[in-house]
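Data first, discussion second: the structure below is written as structure tokens.
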Amino acid sequence: MSPRSRSRAAVLLATGAAVAAVVVASCGRTTSSSGVGSATGSDAASKVYIAPGQLDEFYAFVSGGFSGNMPVYAMPSGRLLRDIPVFSQYPEKGWGYSEQTKAMLMTSWGFVPWDDAHHPELSMTDGVPDGRWVFVNANNTPRVARINLNTMETDEIIEIPNSAGNHSSPFVTQNSEYAVAGTRFSVPIPQEDVSIADYKTKFGGMLSFIRIDPTTGRMGIAFQVRMPGFDYDLAHAGKGPSHGWAFFTSYNSEEASTLLERNASQNDKDFIAAINWKRAEQCVADGKAKETPARYAHNAFGEDHVAKTTWETSTKVLEPKDCDGLVYFLPTPKSPHGVDVDPSGEFIAAGGKLASVIPVHSFARMTKAIEAKAFEATVKDIPVLKYEEIISCEVKEPGLGPLHTEFDDKGNAYTSHFISSEVVKWRVKDCQVLDRIPTYYSLGHIMIPGGDSRKPWGKYLLAMNKITKDRYLPTGPELNQAAQIIDISGDKMKLLLDFPTIGEPHYAQGLLASVIKDRQVKTYPLADNKDPNRATSEKDAKIVRKGNRVDVHMTAIRSHFMPDNIEGIQVGDSVYFHITNLEQDWDVPHGFAMMGAQNAELLIMPGQTRTLTWVPQRLGVYPFYCTDFCSALHQEMQGYVRVSPKDGAPAIAYNTPK
Ligand code: K7E
Ligand code: CUA
């Protein structure tokens with residue numbers, strides 16, 4: 001049986017109550033037949049059990065939160081497949097340490113080695129994840145990254161100017177025309193030295209639209225929309241009928257600048273900002289946007305697979321007053337966090353952290369209200385639509401602290417509740433609550449594969465909890481966060497699995513494995529290696545001294561380096577080890593570690609060149625070696641560097657192939 005049909009059979013079994021009773025009786029366990037909470041009987045185990053040698057059905061790309069990176073798990077097993085380095089230096093991969101990758105972490109503030117990653121978002125074609133790229137935002141020093149799903153490597157990172165706390169990001173439009181980026185912390189725009197007490201007059205928000213090249217994926221900021229000084233928290237783009245719009249939640253419509261927990265919780269309703277980005281495109285084309293100076297970093301790998309920083313110098317800024325029809329406010333109770341658009345594109349659900357209902361706006365009603373000018377007010381040149389005119393229904397008494405909603409393929413929505421630690425399932429068309437299940441504990445985001453797209457795969461829900469407490473063996477003051485997999489294939493949700501995560505997962509995206517599994521790059525062809533310091537055969541290995549700088553062009557292949565004996569290096573030199581891995585086999589990286597190197601080691605993929613800098617400090621002879629167990633003679637994969645005094649060192653000498 002294929003893994004897929006096996007798990008289908010398990011679902012069928014589990015849904016037959018009589019069969020379930022037999023299972024319960026036969027294993028002598030008491031499992032709740034309600035499917036709530038404790039229903040982790042043997043049927044649950046069989047649903048997440050992937051036998052040795054079998055593959056999972058889904059990939060899950062999960063944010064690492066404060067780790068700044070993006071772990072990849074398999075679903076339903078919860079197995080960790082990889083941790084993709086993005087916004088943080090990552091020793092295991094040499095990310096941000098090797099000369100080829102350092103520039104990826106460059107910003108207008110200089111080199112930033114650690115950030116806070118929140119929302120993975122898959123690229124889409126016609127509103128369905130197409131498996132080309134996954135984007136993710138850096139929250140602290142505002143940036144958006146693009147990860148190539150064929151190599152699972154970060155290919156590009158762009159900084160977002162005029163922004164602070166890039167949280168409502170990087171949600172993409174239906175055909176990945178844009179990824180959005182909204183400022184969470186309003187700031188003076190442009191930055192200037194003003195009193196914080198002048199918040200209401202001097203501070204502003206900015207919603208940025210990053211254009212994505214449909215062929216290469218290359219990003220560029222197309223335009224920015226200048227907004228009132230609220231906190232723009234989350235976003236999702238429209239699809240289907242609402243394609244052409246993007247929705248951003250905001251809190252702090254009070255424009256408080258101190259003790260926000262009280263001062264930004266005064267108003268009964270804050271706003272969702274509905275941006276008509278097709279209208280924005282017109283206004284930009286009509287010259288309504290102001291070219292505004294801004295210096296920001298744009299980092300990308302070139303053809304040579306070496307990251308380079310391009311310095312961008314301006315953006316186009318649109319003001320709502322100069323572009324009528326660009327933006328409307330949808331009143332939304334109360335300090336809303338998530339905003340999620342259902343698969344049909346008609347319904348827009350918001351998670352008001354302090355609200356007693358989940359409001360569901362109707363896009364059709366919103367359009368009618370705009371045509372009828374059903375405005376209750378204008379706030380800073382932006383029309384506020386009447387709540388009663390746009391609402392479809394409200395989910396009453398859902399749970400406490402609703403945050404985020406995902407959708408299945410059967411017209412149902414699932415909302416995470418932080419305070420009451422539960423997932424609540426409700427029907428989109430009439431807001432009826434259908435089911436609820438506790439999670440352990442304090443649930444943030446949830447993810448259903450394809451659950452924010454036009455075609456959710458359904459089947460499983462990944463719950464990402466903030467608090468772990470007693471779920472695993474204790475590990476001192478810090479516990480890894482707790483993820484849980486919940487079966488959503490039947491009427492009742494069932495908890496299947498707990499597993500710990502790396503960092504703090506916020507959002508995640510899931511994808512049917514078959515979409516990308518067979519396109520995974522297995523090696524980098526040596527013939528395509530364009531690194532300026534490559535050595536694509538042992539005959540090309542060489543060492544070149546220019547003043548204090550020594551370039552070592554070295555090769556690695558099972559099970560030796562060429563050269564492996566180096567003399568003529570002087571104390572205080574800057575030695576650049578450029579190592580090319582000559583292997584052309586899948587899964588044969590070589591490592592490189594130099595004794596006393598103060599920055600890092602390297603891990604070099606087949607066909608790739610990676611560079612480590614080393615400044616020798618002491619006289620003597622020091623070893624280097626391969627750190628990745630690559631063959632039976634891996635231990636023999638070693639070499640020596642002789643370090644001599646500045647004056648009186650021998651000439652550079654090294655061995656060459658026989
Ligand atoms: Cu709710 Cu950053 Cu999306 Cu965390 S955010 S949970
Ligand atoms: Cu190469 Cu171990």
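This is a predicted model, so every value here is computed, not measured. Numbering of ligands and ligand atoms starts at 1, following listing order.
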Beyond-backbone contact of I160 with S169, side-chain heavy atoms, under 4.5 angstrom:
no
Just so I know, are the side chains of K239 and M124 near enough to count as touching, which here means a heavy-atom distance under 4.5 Å?
no
Just jot down the ligand 1 atoms closer than 4.0 angstrom to any heavy atom of H445, in number order.
1 (Cu), 3 (Cu), 4 (Cu), 5 (S), 6 (S)
Could you list which atoms of ligand 1 come closer than 4.0 Å to a heavy atom of H167?
2 (Cu), 3 (Cu), 5 (S)
How does L234 reach ligand 1, if at all, at less than 4.0 Å between non-hydrogen atoms: by side chain, backbone, both, or neither?
side chain
From the options D233, T249, N139, D116, select the one residue that forms a side chain to side chain donor-acceptor pair (under 3.5 Å) with H167.
D233
Suppose we measure from atom 6 (S) of ligand 1 to each protein heavy atom; which comes out shortest, and what is that distance?
K466 NZ, 3.3 Å
Check whether Q520 reaches the backbone of L149 with its side chain - one donor and one acceptor, N or O, closer than 3.5 Å.
yes
Looking only at N, O or S atoms in D628, which is nearest to atom 2 (Cu) of ligand 2?
O
I need the SG(C630)-atom 2 (Cu) of ligand 2-ND1(H634) angle, rounded to 10 degrees.
120°
Using a 4.5 Å cut-off on heavy atoms from C-beta on, say whether the side chain of Q481 contacts that of V62.
no
Do you see an N/O/S atom of H404, backbone or side chain, under 2.8 Å from atom 3 (Cu) of ligand 1?
no
Do the side-chain N and O atoms of T611 and H578 include a donor-acceptor pair separated by under 3.5 angstrom?
yes
For atom 1 (Cu) of ligand 1, which candidate among H337, H118, H119, H506 provides the closest heavy atom?
H337
